[in-house]
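Below, each value reflects all heavy atoms present in this structure, side chains not excepted, and no hydrogens, waters or symmetry copies. Below, chains carry the letters A, B, ... as their sequence lines are ordered, and counting in each starts from 1. Keep in mind that what you see is a predicted model, and the values were worked out from it rather than measured.
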Amino acid sequence: MSRAIALIDGNSFYCSCERVFDPKLAAVPVIVLSNNDGCAIARTAEAKALGIRMGEPYFKIRDLCRRQGVRVFSSNYTLYGDMSARTNAVYRDFSPRVEIYSIDESFLDLSDVRERERLELARDLRATVRAWTGIPTCVGIGPTKTLAKLANHIAKSIPELGGVCDLSDEDERAAWLCRVHVGEVWGIGRASLAKLEAMGVDTVADLRDLDPRPVRKAMTVVGERIIHELRGLACLPLELLPAQRKGCAVTRSFSKRIEDRATLEQAVAAHATRLGEKLRRGGLGTNHVSVFYHTSEHDRGEPMRSVSTTVTLPEATNDTLALIKAARLGVEKTWREPGERPWRYSKAGVVTTDLMLLETSPRALIGQLDRERSGPLMAAIDTCNVRFGRGSVVPARAGLEEKRAWSTKFEMRTPRYTTQLAELPTAQAY
DNA sequence: TCTGGGGTCCTAGGACCC
DNA sequence: TCTGGGGTCCTAGGACCC
């Protein structure tokens with residue numbers, strides 16, 4: 001039987017999560033903002049129709065939102081992550097072979113389903129996800145991941161299709177590929193689009209018919225792969241096991257500018273604390289911690305400064321206290337006392353790019369860290385923070401969440417309906 | 001007259017994704 | 001006043017080795 005991959009994704013996923021818990025949002029425009037309530041990163045169809053663009057800064061559209069009755073939310077990643085897990089649980093009922101690609105997208109292997117039954121299964125899948133989780137979705141099917149993504153795009157943009165599209169049939173596929181702009185292809189971004197347009201490419205079919213060799217010259221092997229995938233030749237396998245992650249970062253813009261060293265050190269300590277939590281969840285460790293902080297490019301006419309440095313540890317660790325020490329050392333090494341006009345820092349982060357499994361990582365001969373003590377201590381902290389909420393136990397260096405003046409803003413955040421007992425939604429019957 | 005050749009590893013930067 | 005965060009992959013070029 002022929003290979004068939006389905007891509008299913010949540011429509012305006014973050015907005016849909018908010019709608020699940022507030023029926024009054026059903027027919028009104030809704031947007032969800034990025035960290036710090038900075039930009040619109042999810043918009044419902046109604047919001048898109050008002051001209052609100054992806055990534056548009058909120059301060060530019062605040063008036064529009066007020067005038068048009070757009071409901072605006074801070075992002076609530078705890079809620080979205082949990083809703084994502086619920087949708088994936090439903091997907092697994094339909095195919096045991098699922099690749100979770102992002103928080104709102106998964107690939108399903110439907111190769112075992114007869115071609116003429118695939119659309120029906122896709123409709124059933126959508127209906128079940130909607131009934132069991134409340135999330136509306138679209139499904140695209142094709143012989144390769146790239147074609148499944150394209151089918152999903154078609155399903156989403158043509159309402160008459162009812163949220164499903166199958167490009168398995170070669171003739172139907174050829175007809176569709178002539179009708180879709182090449183910029184919609186997965187992997188074609190701004191730079192590649194400019195190159196392709198210069199080569200006279202307009203539709204997806206034009207790209208499919210190009211000679212792969214010159215494309216490889218212009219767009220590397222990535223471009224060549226896309227052509228083969230569009231022709232139905234699979235180059236991208238389904239990744240059923242999540243790959244071990246290679247890097248990990250915690251970076252945040254401040255809700256207000258920072259000028260003094262003590263506050264900056266507190267911020268990087270808080271980021272390092274979060275970094276430790278993330279590493280421990282995967283049993284990973286690192287022996288290089290990079291620290292950066294910089295002023296904002298939007299502060300025109302002010303003194304600018306951008307700093308980045310790497311601190312090396314004697315051996316890999318995920319101990320929060322060791323990570324904090326490294327991060328603070330990074331600030332100490334690079335801090336410069338301000339002159340008459342101080343630098344007003346807007347963002348800081350801690351970054352690691354060389355993660356390894358802690359258990360099997362080599363030990364240092366000199367400067368060995370005390371893993372026998374660190375492990376149980378970190379485990380105890382993590383347990384407290386799971387049971388009593390994140391931030392219940394933090395190192396003193398990182399400061400208490402409530403007292404961090406620079407903390408990220410989430411002024412319009414909804415409750416964590418599904419993961420905190422104290423924040424369960426309530427329903428009233430009259 | 002007359003430059004070695006072939007290999008690995010690392011890093012920075014570009015591009016793209018959600 | 002107010003402009004996100006966190007990833008992956010690929011390539012070119014330099015350093016280094018024998």
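A:K409 comes within 4.0 angstrom of nothing in the nucleic acid, heavy atoms only. Within 4.0 Å of A:K149, counting heavy atoms only, lie sugar-phosphate atoms of the nucleic acid but no base atom. Heavy atoms of A:V351 sit nowhere under 4.0 angstrom from any nucleic acid atom. Within 4.0 Å (heavy atoms only), A:G247 reaches sugar-phosphate atoms of the nucleic acid but no base atom. Using a 4.0 Å heavy-atom criterion, one finds that A:E105 contacts the sugar-phosphate atoms exclusively. A:S192 comes within 4.0 angstrom of sugar-phosphate atoms only, judged by non-hydrogen atoms across all strands, and of no base. If you check every strand for non-hydrogen atoms under 4.0 Å, A:Y101 touches sugar and phosphate atoms only. At a threshold of 4.0 angstrom between heavy atoms, the contacts of A:I103 with the nucleic acid are absent. Residue A:K347 is in sugar-phosphate contact alone, with no base atom involved, counting any heavy-atom pair closer than 4.0 Å across all strands shown. Among the heavy atoms of the strands lying under 4.0 Å from A:D104 are primed sugar atoms or P, OP1, OP2 only; no base atom is included.
The nucleotide whose nearest atom lies closest to any side-chain atom of A:V221 is, among C:dG4, C:dT8, C:dT11, C:dT11. Distance from the side chain of A:S253 is smallest to C:dG5 among B:dC17, C:dG5, B:dA15. Comparing C:dT1, C:dG5, C:dC9 by their closest approach to the side chain of A:N35 singles out C:dG5. Here C:dG4 is the nucleotide among C:dG6, C:dG4, B:dA15 with the atom lying nearest to any side-chain atom of A:Y77. In this structure, of C:dC10, C:dT1, B:dC18, it is C:dT1 that holds the atom nearest to the side chain of A:R62. Considering only side-chain atoms of A:T251, the nucleotide from B:dC17, B:dC16, C:dG5 that sits closest is C:dG5. Side-chain proximity of A:P57 to C:dG7, C:dC9, C:dT3: nearest is C:dT3. For A:S102, the side-chain atoms get nearest to B:dC18 when compared with the rest of B:dC18, C:dG7, C:dG4.
Taking atom CG of residue A:D63 and atom C1' of nucleotide C:dT1, one finds them 14 Å apart after rounding to whole Å. At whole-Å resolution of the value, CZ in A:R281 and C1' in C:dG6 are 13 Å apart. Atom-to-atom, NE2 of A:H271 to P of C:dG6 comes out at 8 Å; the value is rounded to the nearest Å. Atom CG of A:D354 and atom C1' of C:dG7 are 16 Å apart (whole Å). As a whole-Å value, the separation of A:R216 CZ from C:dC9 C1' is 14 Å. Across the protein-nucleic acid pair, A:K195 atom NZ and C:dT11 atom P stand 12 Å apart, rounded to whole Å. One can place CZ of A:R245 at 16 Å from C1' of C:dC9, the figure rounded to the nearest angstrom. Between the NZ atom of A:K145 and the P atom of B:dC16 there is a distance of 19 Å, rounded to whole Å.
Across all strands shown, C:dC18 forms a Watson-Crick or G-U wobble pair, both distances under 3.5 Å, with B:dG5.
For A:R19 and A:E46, the salt-bridge test passes: some basic side-chain N is under 4.0 Å from an acidic carboxylate O. Using a cutoff of 4.0 Å between basic side-chain nitrogens and carboxylate oxygens, A:K149 and A:E105 are scored as salt-bridged.
For C:dC10, the OP1/OP2 oxygens have a side-chain nitrogen or oxygen of A:R225 closer than 4.0 Å. OP1 or OP2 of C:dG7 lies within a sub-4.0 Å distance of a side-chain N or O belonging to A:K278. Between A:R252 and C:dG6 there is a side-chain N or O to OP1 or OP2 distance below 4.0 Å.
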Applying side chain to side chain contact (heavy atoms under 4.5 Å, CB included), run through A:F254 and A:R344 and close with a yes or a no. CA-CA 11 Å; A:F254 307 128; A:R344 300 171 64 242; over 6 Å; no
Side chain to side chain contact (heavy atoms under 4.5 Å, CB included) evaluation trace for A:R305 with A:Y293: CA-CA 8 Å; A:R305 186 157 185 255; A:Y293 53 97; 3.8 Å; yes
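For the pair A:F59 and A:T408, both in contact range of DNA chain C, the more 5′-proximal nearest nucleotide belongs to A:F59. Residues A:Y14 and A:Q244 both approach DNA chain C. Their nearest nucleotides, taken by heavy-atom distance, put A:Y14 toward the 5′ side.
Both tests pass for A:R413 against the ring of A:F410: distance under 6.0 Å to the centre and angle within 45° of the axis.
Considering A:R118, A:K156, A:R126 as possible partners of A:V139, the one that fulfils the side chain to side chain contact (heavy atoms under 4.5 Å, CB included) test is A:R126. When A:E359, A:M356, A:R245 are each tested for a side chain to side chain contact (heavy atoms under 4.5 Å, CB included) with A:L284, only one passes: A:R245.
A gap of 16 Å separates the C1' atoms of C:dC16 and B:dG4, to the nearest Å.
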